[in-house]
Each structure stands twice: as structure tokens, then as C-alpha cells.
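Within every chain, numbering begins at 1; the chains are lettered A, B, ... in the order of the sequence lines, protein sequences first and strands thereafter.
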Amino acid sequence: MSAGAVKTGSRTTRLLGFAVLVGVLALILLGFFGAPEDDEQRDAVRMIFVHVPSAFLTYTALVITAVGSAMWLWKRSRWWDIVAHSAAEIGVIFCGLTLFTGSIWGRPTWNTYWDWGDVRLVTTLILFLMLVGCLALRSAGGDEDAVATRAAVVGLLAAVNVPIINRSVEWWSNRTLHQKSSLTDGNLEDLTLFTLVVGIVVWALFFVWAMIHRFRIGWLERQLRAIDLETALVQRRAEASTESAGETSQ
Amino acid sequence: MFADIWLVINKDIRIEWRSRVTLSQVVPFALTVLVLFGFALDANREVLAAATSGLFWLTVLFVAVVAVQRSTAIETADGARRALLLAGIEPSSVFVGKALAVAAQILGVEVLMVGGVLVFYDATVESLPLLLATCAVATLAIAASGTLLGALAAGVRARETVLPILLLPVLAPVLIAASRAFDDALGVVAVDGWAWLGLLAGFGAVNALLGALAYGPLLEET
Amino acid sequence: MSIVALRGAVVLLGRFPALSGVDLEVDAAEVVLLQGPNGAGKSTLLRFCAGLLRPHSGSAVVLGHDLRESRPAVRRSVGLLGHDTALYDDLTITENLQFLARASRIELEAVGSALDRLGVSARLHDVVAGRLSAGQRRRVALAGVALRRPELWLLDEPHAGLDQWGRDLVDGLVAEAAADGATVLVASHELDRTLDLATRRVTVAGGAITADVVAAASAVDPSGVQSNRGADVC
């Protein structure tokens, strides 16, 4: 490693980042000026271009976290632990974004910010709380291996419980305000659908870009700790030479 | 394996019997919460009746947090956790044993709480089998995830706050499902309580399995 | 075969290298005294040999088991007396030891004889551990180690908090274990006492071994110590 500043960027990420910027620009143009307004929802429908991709990426992040957690517990691979950590952090951001865009979209369309009867809404909120708990554990500190193991167990716990939470809320409320999957029921205008696909691709690229950077930060921290450990080992061994003089006289 | 599980249950219950923490502190706590809910809802019988199941299970969740904290403290005091490791009991047996001991204590509190609900909230039992089955299955499910997260929180510095933060969201489906099953059992709302019981059983099975697998790695990290 | 074989073993407690590269070979029936200043890594070394800690690097084999993979197997065959006594405060002495015995698949008769061996009087057997004095607690914990008849004894300051009579009991126990062919690692500040027993003195400093001297074997006759046991004074 050279003496200069260590960066998490590379040619690939710069290219990726540029693509995301262009993509967001295109999405703004398409979203605000290209796609037509909805017959019922009017302009509010445009929220779909952020809300649906972020919801999709939240659950993608959850799956990645679960896989990373399982791999840490199984193989004790630090690489997978950092993957799980990165995905959980980015996942919590997208999860928050999903809840936020969902409730401001809900106001004009459902006439309420929050509806306790909605399955996906409540499930996502509980997932959000579990992800926050997982990150709180990470930041609570302690032995690195122990922290990784604890966070991995919570990550897995969140992932296996999401389907159960979903099912329980669905039965509980027995109704959902959510429209049936917007992508498949063919209700959307062609250009709206196209913009939504662009949105998913753009946000997915952003997700990948953020994952790479976050992972590299984790990896650099690990290298830093390895260097710290070398110094700590030298210092620890040096204790012997300073103290053994006093010890022999005992 | 069953001998080890029994050994752990026996030990935990005996310790509880000697120290009487559940009996002398958790039971009064649970009954107080029930009474306070009554005050909060302003002696309105109708509202109270509609909310009875939810209040009952919310109180159980609070009780569970306290019971799990106590169950975990037994092992963290004076390095007993290390003794468990050295004794060579399978961690999954320790998990099952401790979870069952916690479940037994919570069930004991629930029996008294049902009495409290009948008296204070004027509830009536329509289906006793459903009521008992819900208590049993929901409590096992709560004890399983509680014991797992208790062991997890044991190594963290701020363990008193970490446990509820992690445990309560995970138990959200139990709160929903057990409350609905109780609605049916108490004849408050006409729902299919037995279907909810199935959901509870599914939750319990998944979390108990995860707990049995993950308890070992957690016990190692001290 | 060596009972303990460590090469360049590094053990981390959090980010702190408590052991910074330990090389140590211990053969069967040796009594090794670990000496060194506070914070040198003696306790960590004992806990590591007990299979409670994961090696960060280096190789470590105890009782034929690699500490990287099969720590549970090591844990089952060692006896560790740590700083804490690992007793449940609300259980009686007998219940505590019976729990240990059942968990380690040992006949319950062993409990009584182990308590006798450590001079714990019968009237204390049904007293809860929380009401014992520090010295009594320590002797019960030692009885818990003796109960297991481990192949490898790991004793951390076994004399701490004990009166003269209790210390004699410990010495007798160590001598007896060695005579039976068990291996003993003792970390102790009570040099004058343990020196008589030790076949080897190992100095630990800065998380590594800095000196390793073979001591003149002057094993105490276990029967001699046993006869010293006077009236039950605890």
C-alpha cells in the first residue's frame, strides 16, 4: 500500500458511479416529464419510481445479509461478515426510504400516512426495527468475532421471521391497501412501466456501487486492525524484556 | 441428550424455587401492569373487553423480557457459563433446557394473569382447550426466541437495553397471533383461533430450530 | 505424546494480544509452575489450554486435539480452576457438584469423596453456595475439578484466599494428581509453596514464555499431606 490516501474507489466504481448519475438524471426526466400522470392517483403515481425499487432493494439486502450471516457462522469467513454488515447498513437506508416514500405516497392515495392494516407496510416496519437492532449490536462493540456472530444470528433471525410476520399481518388485517403487483397486472401505461424498470435498474446500480464502497471500507478496517495487531504484538512482547529484569530479582 | 435437557431444566427451576424471583417480583409486576392498563382505558368495559387479549399478551411479552434476563443472569454470574462449556453439555441441550425452564415460569405467571383478566376485565372463557393450547404454544415460541436472544445479549455491555430492542420486534407475530387466538377463546371476536395457533406453532418451530443451531456459537463467544 | 504442544500461539482478547506467541511443550505427569507478573498472560494461557479461547494464529494441540477445531473435546477432559468459582449461588454445595457430575457423566458417589478430599465438612453440604466464605467457595470449586479426575489440571492461583490448612490440601491434591499420572499447570504467586511440587518452572511475560527451568523433582508424598488433615475447621 502506498503512502498516499487510501481510497475505496476504483475505475469500476467511478464508471458505475457515473452511470448512476446519468441514470438518476434520466430517471428524473422520464419520471417527471416522460411518464403520464395516473387517471386516479394523478402526479402521486410518480412516487412509484423510488418506492418500488427501494422496497425491492430492501428485501434484496435482507437476503444478502442472511447469506452473509450464514456463511460467517458456517465458515467463519470475514469476507462474508463484511458483506453481511454492508448489506444490512445499506438495507436499513433503503428500508427507511421505503417507509418514508410509502407514507407520503399513502397520504394522497389512501388518505392516510399510516395504515395498520397493510401487510407490507407493517412487515417492512418490523423488518426496519430488526435491522436497526442488528446494527445497534454491531456498534455496541466488543470482541470482533463475538460481534460478528451476534449480528449474524440477528440477521438470520430477521430473514427467517419476515415471511411469518408477513403472513401474520396479512391474516390479522385481512386486507391490503396495496395495489396488486404494479409490474405484472398490466394496468400501467407503457412509458410508466418503462420508467419503473429504469428506476429499478438505476437504484440497483446505486446499490451495487454503495455495496462495493462499503465493503471496501470494511476490508480496509480489517487491514488496519491487522496492522494495529502487529504493533500491539510488538508492544506486548516488549513488555517481557522490560519486566523480566524485575521479575528475576523476585 | 434428554438427560442433559432435564438436568438444565431441573437446575434452573430449582434456582428459581430457591430465589423466588418470578414468584415475588414478576407476578406482582404482571398484575400491576394489567391493573394499570385498566386505568389507562378509563374503566370503559367495552374498550377493555375488546382490548383484553392484546393487553394480556403485551403483558406476557414484558414478563418474558424479565424472565429471560433472569435466566441469562444465572449463567453469567461467577463464570457459570464457562462451567457449562467445560462440563461438555451439548449447547443445543442447554438451549432447550433453559427455554423450557423459562417457558414453565412464564406459564405459571400466565395462569395467574388469566385469573386476573377474568376478575378485573370481566372476561369469560368460551373455549378452554383453545385458551390452554394458545398459552402453551405461544409461551414455548416466546421462550425459544427469548432464550436465544438472551444468550446473544449476555455478552454485550448494555445487555439490559439490547434484549428488549431485539426481542420485542421479533415477537411481533406472536403478539398478533396469540391475541387473535385469545379473541376467539374468550369469545370477543369471531375468528378462527386454531388457524392462528398453527401460525404460532410455525413461528415457534422456526425460532426453536434456529436457536438450537445458533446457541453453540453464541456460548463460545464470551 | 505431549499433553500440551503450543507453537507461536497468539490469542486475542478483543484486540489485545493476551498471548503474543507462546511456545510450550508439556509432557504427561509434569507439574509446571507458571510464574510472572500480573497481566503477563498466565490466566489466559490456562484458559487457552482449557479450550475456552480460539487461537488467532500459531498451532496449538492439547491432549491430542487441535484447538482450532476440536475445543469441545479438550474441554471435556481438562479441569480448570479459574478466578471465579463457577458455582450457582442458589444451589447447595451438593447440588452444584451433582450438577457438574451429571453433566460430565461421572457417578454421583464421586461428589462425596471429592468434598471429603477438600475437607468440606458434611454440615456444609446442604448450604447454598451464596452463603459460603471465599475460602470455602474456592475449596468447593477445587472439589469440582478433582471430581472430574481430569488428565490435565489447570489451576489459576489455587492457594488464593485459603488458610494454611487449605493450602496444604491443595498441595496434597496436586501431588496426588501428578502421582496418578495427570499433568498439572499451576499459575501462582506463592512461589515458596508451589516450588516444592513443581517439576518445572516457566516464566511468562508479555504474553510469551521467557524462561523455562527444570526444577529438582521433590514431589511431596501425598500420604504425608493427607495425614496433616486435622479437625474440620471450616
Requested in this report: Evaluate the side-chain proximity of Leu229(A) to Arg15(C): yes if any heavy-atom separation is below 4.5 Å, no if none is.
Outcome: no
Query raised in the report: Taking C-beta and beyond as the side chain, do Val10(C) and Leu233(A) meet within less than 4.5 Å on heavy atoms?
Result: yes
Report task. Check side-chain hydrogen bond (donor to acceptor under 3.5 Å, both in side chains) between Ser139(A) and all other residues, then give those that pass, not counting sequence neighbours. Result -> none
Query raised in the report: Are the side chain of Arg236(A) and the backbone of Ala18(C) linked by a donor-acceptor contact shorter than 3.5 Å?
Result: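 Checking the backbone N and O of Ala18(C) against the side chain of Arg236(A), a donor-acceptor pair under 3.5 Å is found.
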Query raised in the report: Can you name the ring-ring contact (aromatic ring centres under 6.0 Å, His included) partners of Phe56(A), sequence neighbours left out?
Result: none
**Report entry** Derivation and outcome, side chain to side chain contact (heavy atoms under 4.5 Å, CB included), residues Leu12(C) and Glu144(A)
**Finding:** CA-CA 10 Å; Leu12(C) 303 182; Glu144(A) 280 148 39; over 6 Å; no
Query raised in the report: Does CZ belonging to Phe16(C) count more than 12 external heavy atoms closer than 6.0 Å?
Result: yes
Report summary line: Rounding to 0.5 Å, atoms CD (Gln235(A)) and OG (Ser20(C)) come to a distance of 11.5 Å
Requested in this report: Any chance you could measure Arg68(C), atom CZ, to Arg76(A), atom CZ, to the nearest 0.5 Å?
Outcome: 13.5 Å
